[in-house]
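Following: one structure in structure tokens, then a few remarks.
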There are 2 protein chains.
Amino acid sequence: MANIQQVAKHAGVSVATVSRVLTGKNIVTAKTKQKVEEAIQYLNYEPSMLGRNLRNSESRIVLILIPTISNPFYFEIIKGIENMALSQNYSILLCETDSKPEKEEIYFDLLRKKMADGIISMDPAVNVETLKELAENYAIIQCSEYGGGIGIPYVTIDSEEASYRAVKHLIQIGHRKIALMNSDEKFLYARERRMGYERALQEHDIPLDPDYILYTQELGFEEGQLAMKKILKLEDRPTAVFAVSDLLAIGALKEINAAGLHVPNDIAVVGFDKIDFSNMTNPALTTVAQPMYKMGTVAARMLIEKIQGKPVDSVVLGFELVIRESTTG
Amino acid sequence: MANIQQVAKHAGVSVATVSRVLTGKNIVTAKTKQKVEEAIQYLNYEPSMLGRNLRNSESRIVLILIPTISNPFYFEIIKGIENMALSQNYSILLCETDSKPEKEEIYFDLLRKKMADGIISMDPAVNVETLKELAENYAIIQCSEYGGGIGIPYVTIDSEEASYRAVKHLIQIGHRKIALMNSDEKFLYARERRMGYERALQEHDIPLDPDYILYTQELGFEEGQLAMKKILKLEDRPTAVFAVSDLLAIGALKEINAAGLHVPNDIAVVGFDKIDFSNMTNPALTTVAQPMYKMGTVAARMLIEKIQGKPVDSVVLGFELVIRESTTG
DNA sequence: GATGAAAATGTAATCGATTTCATTTTATAG
DNA sequence: CTATAAAATGAAATCGATTACATTTTCATC
């Protein structure tokens with residue numbers, strides 16, 4: 001496979017001139033340009049990014065950190081990131097951490113070893129201390145999930161308000177016994193969503209029942225089933241469930257069905273995220289739609305600006321409550 | 001950020017010695033080794049992969065080509081590939097082609113420009129001619145979907161047999177009017193699955209009804225709904241549907257429910273792939289389980305061997321019919 | 001202590017591009 | 001036609017590692 005030397009030789013010019021033709025930024029005579037392009041064609045030459053990247057001290061690769069690839073919540077975000085990144089000639093490397101520090105380290109190392117130019121972290125479980133430390137020397141953006149007050153720019157939605165609106169919807173259609181299926185409150189968004197839940201209840205003078213608040217380790221289908229099993233065993237059974245992820249809600253749905261109960265007549269269900277599957281279930285799921293694609297493009301743009309050394313500010317995007325069959329029948 | 005020169009200087013040795021300590025393959029005195037390690041520690045040095053990769057003429061990155069990230073079918077395969085790759089110090093770059101040649105080209109270029117060492121293609125829509133051409137100079141493996149007879153090693157299952165077994169199951173539980181929801185027969189696997197379907201029918205003297213065979217453009221939920229709508233309009237309505245992907249089957253499920261019919265009492269449904277969601281629906285889906293994780297690890301191993309210049313042979317893995325509520329109630 | 005082989009280390013080339021600075025060529029004006 | 005500025009091109013340094021080859025050090029042996 002040809003290199004730039006051979007192209008230069010074949011075209012009868014110096015490597016500098018070939019490089020000028022390649023990058024297109026410098027002035028080259030039309031005639032020389034043609035000679036060079038012919039040589040490139042003839043030799044089937046493709047410039048090596050290995051050489052270019054070393055010289056430019058960049059890899060043009062950005063890392064996306066997600067806890068698991070199995071949660072469809074990330075799809076649209078990833079698409080947004082990818083499209084923005086590709087348009088700026090960056091490639092994305094998808095990094096599944098399984099929320100394990102040792103896998104995280106593998107990808108952090110890629111950054112330290114210059115194999116990546118920056119990170120978009122969507123992993124709430126990520127080691128915040130390490131992230132903060134890395135952020136001093138490398139470009140890092142938090143997307144969707146974020147640790148507040150650690151000085152790393154983020155893009156997200158107002159979780160408290162979204163949660164408030166979801167619960168308010170349930171109250172407005174007549175529910176007063178509403179369960180909250182939340183994730184571990186070590187995550188900021190979990191605390192915010194509980195606060196929104198409480199605010200909606202308080203506003204309508206509904207007393208808080210601690211039995212109605214459940215915590216799950218992860219946001220998956222099985223955890224939703226498990227939590228729903230517990231809810232169904234409560235003496236004073238709730239008439240509605242607000243789950244902080246669609247997968248949890250879908251698990252709940254399945255469990256309610258298995259118990260021979262009807263959604264939404266016996267128990268109404270609200271999810272969070274508006275993943276594709278939320279529309280495929282029976283009944284279709286009422287859910288909070290995050291602007292995922294937008295989130296992705298914004299995060300990518302922020303990261304690229306950060307890589308270029310520009311200052312970037314955090315962004316809070318809007319959301320939308322999508323009302324479907326699981327609350328209105 | 002420090003480079004190898006500075007480490008060498010600080011440790012009072014040559015860069016060669018530092019490199020020897022880094023790679024660990026050459027003999028270095030315990031004393032010098034310690035000096036170097038202290039310098040590395042002191043300077044917070046991380047070797048740059050840009051330099052190393054240029055010198056070694058490798059990127060240690062492999063590409064995974066998938067049509068869309070939204071189909072959960074790819075999850076487990078990707079996990080398999082990733083784990084095997086990581087264990088061999090490769091990183092994976094997930095490439096969504098949207099089945100568009102122009103996006104494909106972006107990723108092929110990464111290979112040509114030495115930014116990637118090889119490709120695992122799972123995209124049946126991939127331009128076979130280009131792929132074949134690339135395979136002459138680069139390491140390429142086909143996974144799950146493959147073009148036969150083009151000399152590129154693949155790992156897959158026996159689609160014809162799997163399809164045969166799925167349809168046979170439907171026949172054994174009493175069905176004779178069985179629809180096939182297939183994808184475009186430009187894909188080899190689609191042709192193979194139709195053949196399996198026909199073989200099962202023939203074996204039980206069930207005449208082929210062309211109205212019972214439907215073709216969809218893609219393998220998603222909406223296409224399943226659409227196809228099911230058509231099936232429900234048939235005068236002589238089938239009592240069972242075999243869909244060549246779980247997403248199609250889930251779309252069918254939803255549509256059957258919407259029509260007020262019951263699965264499996266009115267219509268039984270069988271899917272293909274055993275994606276996570278096939279278990280989350282109501283009722284849970286009978287489906288053909290592909291050994292996806294295994295497929296991923298095998299494909300990754302094959303690719304790495306190919307990169308190392310070793311000869312590799314294609315592999316056909318087993319499958320399993322998972323019988324659940326959508327056929328047996 | 002001298003000898004020679006083996007072990008440890010150093011020097012310098014190399015991977016393949018980009019870019020600074022120097023040099024040559026071209027164009028413009030007088 | 002010459003002087004001069006501007007444009008085009010080339011030579012060589014550079015990015016940061018690895019490694020072939022050369023050189024020095026170590027150490028066992030006599």
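Residue numbers begin at 1 in each chain, while the letters A, B, ... track the order of the sequences. Just so it is clear, the model here is predicted, and its values are computed rather than measured.
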Axial bend angle, the helix from dG1(C)-dC30(D) to dG30(C)-dC1(D): five-pair end segments, nearest 10°: 40°
N-O pairing of R60(A) and E58(A) below 4.0 Å: yes
Residues within residues 6-14 of chain A bordering DNA chain C, heavy-atom distance below 4.0 Å: none
Phosphate OP1/OP2 of dA7(D) contacted by T29(A) side-chain N/O (<4.0 Å): no
Partners passing side-chain contact (heavy atoms from CB on, under 4.5 Å) against E218(B) (at least two apart in sequence or in another chain): E223(B)
Partners meeting side-chain contact (heavy atoms from CB on, under 4.5 Å) with S183(A) (sequence neighbours left out): F187(A), Y189(A), A190(A), T216(A), L219(A)
Counterpart residues, side-chain hydrogen bond (donor to acceptor under 3.5 Å, both in side chains), relative to D123(A) (two or more places apart): T97(A)
Under 4.0 Å protein heavy-atom contacts per nucleotide of nucleotides 13-20 of chain D, with B for base, S for backbone only and - for none: BBBBBBBB
Side-chain N,O (T32(B)) to OP1/OP2 (dA8(C)) below 4.0 Å: no
Return a table of donor-acceptor pairs under 3.5 angstrom between the side chains of residues 31-45 of chain B and protein atoms on other chains or two or more places apart.
residue, atom, partner, partner atom, Å
T32(B), OG1, T29(B), O, 3.1
Q34(B), NE2, E38(B), OE2, 3.1

K33(A) NZ - dT9(D) P separation (whole Å): 12 Å
All pairs passing side-chain hydrogen bond (donor to acceptor under 3.5 Å, both in side chains) where residues 300-317 of chain A contributes a residue, at least two apart: Q308(A)-K310(A)
Salt bridge (Lys or Arg N to Asp or Glu O under 4.0 Å) pairs, two or more places apart, involving residues 106-122 of chain B: E105(B)-R112(B), D109(B)-R112(B)
Residue list, side-chain contact (heavy atoms from CB on, under 4.5 Å) with S14(A), at least two apart or on another chain: A16(A), T17(A)
Separation of atom NZ in K31(B) from atom P in dT25(D), rounded to whole Å: 13 Å
Residue pairs passing the salt bridge (Lys or Arg N to Asp or Glu O under 4.0 Å) test where at least one lies in residues 83-98 of chain A, sequence neighbours excluded: E96(A)-K79(B), D98(A)-K103(A)
side-chain hydrogen bond (donor to acceptor under 3.5 Å, both in side chains) contacts touching residues 128-143 of chain A (sequence neighbours left out): N127(A)-T130(A)
